[in-house]
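Have a look at the structure below, then the notes.
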Amino acid sequence: MIIWLASYPKSGNTMLRTMLSSYLFTNDGSFDFDIMKKISQFPNSNIYDKLDVNYKDLNEVIKNSIRAQESFNKKDSVGFVKTHSMLFNFNSKYPFTNLENTLGVIYIVRDPRNVVLSYARHLRTSPEETVKFMTKGKANDMFIMGNWSENFISWKSFSNYNKYLLIKYEDLVSKREETFLKILQFIFRLRNINFKIDSNKLEIVLKNTSFENLKNLEKQKGFRESIKGYDGKQIPFFDKGSSRDWSKTLDNNLSQEIEKCFKNEMTELGYF
């Protein structure tokens, strides 16, 4: 069964995956980027290729989403899967996922005014163009994301089944231990396992997966999720993290546009 690690891009999904990988997939809390390979991503071209489905055809990707998940989902075990897709068509024809394949979802959200700066850097485009992308929403490289608020709202459907945990990126950074324990408790509950924490291991995990440690590790060994700039040089994935401050660098007109478009959701999340 799948536990989804869902988020809009540049919202802390990678940080969460480093922490989960270090705690759940090692004996001692050690960490390197290779461990993260145990957490797959969906949609994934390799999965669709094996099913002889044209991954470049968006309609076929949507129609075969459940079939694709059934091809790798082991109902007698639990696997973590990252996605930036919104939860489209839930309880309708051709849903992104369903209760037969999903054990639960951890949704990571971040202040969209900081997301736009980080995402613009990743997309190698301007904040202006990124705001257009985030507020209008569209399919991009087979990730049917919707806009920022659509993505956030869609995954709430699982809260009706007590299978939803909302995590703010800001808490994952400023209250790391408290927030990570909350995440582990949620996972243990979904799996019907008595919650017992290894305190020594947790301490090592928090140290090894700190933003500065991840940034240094990327400098030493590289990170497969980083991208190349137009000059061919690698753009580091780990850039500013929690030190990114939209109030100092984001154009006032753009911040107002974001605030107007996402007013209800940002108020709900305490971003005002």
Side-chain angles (χ1 to χ4, degrees), residues 5-20 33 36 39 41 82-86 106-141 143 145-152 155 166-176 179 209-219 222-231 233-262 265-266 269-272:
L5 307 179
S7 70
Y8 198 81
K10 311 309 290 184
S11 298
N13 202 309
T14 300
M15 177 173 286
L16 176 57
R17 286 183 291 133
T18 65
M19 297 168 77
L20 287 175
F33 290 129
M36 294 173 65
I39 299 178
Q41 179 169 306
K82 165 196 171 182
T83 190
H84 290 315
S85 173
M86 66 182 288
I106 301 169
Y107 190 89
I108 312 102
V109 69
R110 185 184 186 186
D111 189 322
R113 295 166 295 192
N114 276 326
V115 171
V116 69
L117 293 169
S118 184
Y119 203 19
R121 178 177 176 273
H122 184 76
L123 293 175
R124 296 165 294 175
T125 189
S126 68
E128 289 79 8
E129 287 300 313
T130 307
V131 167
K132 290 179 183 178
F133 180 87
M134 286 178 58
T135 54
K136 293 182 179 179
K138 63 178 181 179
N140 178 45
D141 293 335
F143 295 131
M145 296 191 303
N147 66 30
W148 180 84
S149 63
E150 289 170 339
N151 196 291
F152 164 62
W155 284 96
L166 175 66
I167 295 295
K168 292 173 70 173
Y169 168 80
E170 294 79 9
D171 292 338
L172 198 59
V173 170
S174 65
K175 299 183 286 187
R176 299 191 77 219
T179 305
T209 61
S210 70
F211 186 82
E212 286 305 315
N213 274 10
L214 295 174
K215 192 169 185 177
N216 289 332
L217 186 60
E218 182 181 18
K219 286 181 181 178
F223 182 42
R224 63 192 179 98
E225 294 184 26
S226 66
I227 59 172
K228 288 185 177 180
Y230 293 117
D231 58 1
K233 295 181 179 179
Q234 210 73 24
I235 300 175
F237 185 92
F238 298 97
D239 182 35
K240 296 183 182 295
S242 61
S243 67
R244 189 178 298 283
D245 186 352
W246 65 268
S247 66
K248 296 179 180 178
T249 54
L250 184 61
D251 181 85
N252 190 51
N253 290 329
L254 294 180
S255 64
Q256 288 181 356
E257 184 176 349
I258 291 172
E259 291 162 4
K260 180 180 179 181
C261 185
F262 303 139
E265 293 75 29
M266 292 179 70
L269 291 162
Y271 288 137
F272 284 138

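All residue numbers in this chain count up from 1 along the given sequence.
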Criterion side chain to side chain donor-acceptor pair (under 3.5 Å) on Arg121 and Ser118, from CA distance to verdict: CA-CA 5 Å; Arg121 178 177 176 273; Ser118 184; over 6 Å; no
How long is the span from the [atom1] atom in [X] to the [atom2] atom in [Y], to the nearest 0.5 Å?
{"X": "His122", "Y": "Arg124", "atom1": "NE2", "atom2": "CZ", "answer": "8.0 Å"}
{"X": "Asn253", "Y": "Glu128", "atom1": "CG", "atom2": "CD", "answer": "9.5 Å"}
{"X": "Leu166", "Y": "Phe152", "atom1": "CG", "atom2": "CZ", "answer": "5.5 Å"}
{"X": "Thr83", "Y": "Tyr107", "atom1": "OG1", "atom2": "OH", "answer": "10.0 Å"}

Checking side chain to side chain contact (heavy atoms under 4.5 Å, CB included) for the pair Asn252/Gln256: CA distance, chi angles, key distance, verdict? CA-CA 6 Å; Asn252 190 51; Gln256 288 181 356; 3.1 Å; yes
Non-hydrogen side-chain atoms of [X] and [Y] separated by less than 4.5 Å:
{"X": "Ile258", "Y": "Ser255", "answer": "no"}
{"X": "Leu117", "Y": "Thr249", "answer": "yes"}
{"X": "Cys261", "Y": "Trp148", "answer": "no"}
{"X": "Arg113", "Y": "Phe262", "answer": "no"}
{"X": "Met145", "Y": "Pro9", "answer": "yes"}
{"X": "Ile106", "Y": "Leu5", "answer": "yes"}
{"X": "Thr18", "Y": "Met36", "answer": "yes"}
{"X": "Lys82", "Y": "Leu16", "answer": "no"}

Testing the basics here: between [X] and [Y], what is the closest heavy-atom pair and its distance to 0.1 Å?
{"X": "Ser7", "Y": "His84", "answer": "O-ND1, 2.8 Å"}
{"X": "Leu250", "Y": "Pro127", "answer": "CD1-CB, 4.5 Å"}
{"X": "Ser85", "Y": "Trp155", "answer": "O-NE1, 2.9 Å"}
{"X": "Val115", "Y": "Lys10", "answer": "CG2-O, 3.9 Å"}
{"X": "Met134", "Y": "Pro112", "answer": "CE-O, 3.7 Å"}

Using 30° and 60° as the class boundaries, would you call the ring planes of Phe133 and Tyr119 parallel, tilted or perpendicular?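 Ring orientation of Phe133 relative to Tyr119: perpendicular.
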Ser210 and Arg176: side chain donor to acceptor below 3.5 Å: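 Absent: no donor and acceptor within the cut-off.
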Under 3.5 Å, is there a donor-acceptor pair between the side chain of [X] and the main chain of [Y]?
{"X": "Tyr169", "Y": "Ile108", "value": "no"}
{"X": "Lys168", "Y": "Leu269", "value": "yes"}
{"X": "Asn216", "Y": "Glu212", "value": "yes"}

Tell me which one of Arg110, Glu170, Glu265, Glu259 satisfies side chain to side chain donor-acceptor pair (under 3.5 Å) with Tyr271.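 For Tyr271, the side chain to side chain donor-acceptor pair (under 3.5 Å) check succeeds only for Glu170.
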Under-4.0 Å salt bridge between Lys132 and Glu129: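 Judged by the 4.0 Å cut-off on N to carboxylate O distance, Lys132 and Glu129 do form a salt bridge.
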May I have the step-by-step check of side chain to side chain contact (heavy atoms under 4.5 Å, CB included) for Phe33 and Leu217, ending in yes or no? CA-CA 8 Å; Phe33 290 129; Leu217 186 60; 3.7 Å; yes
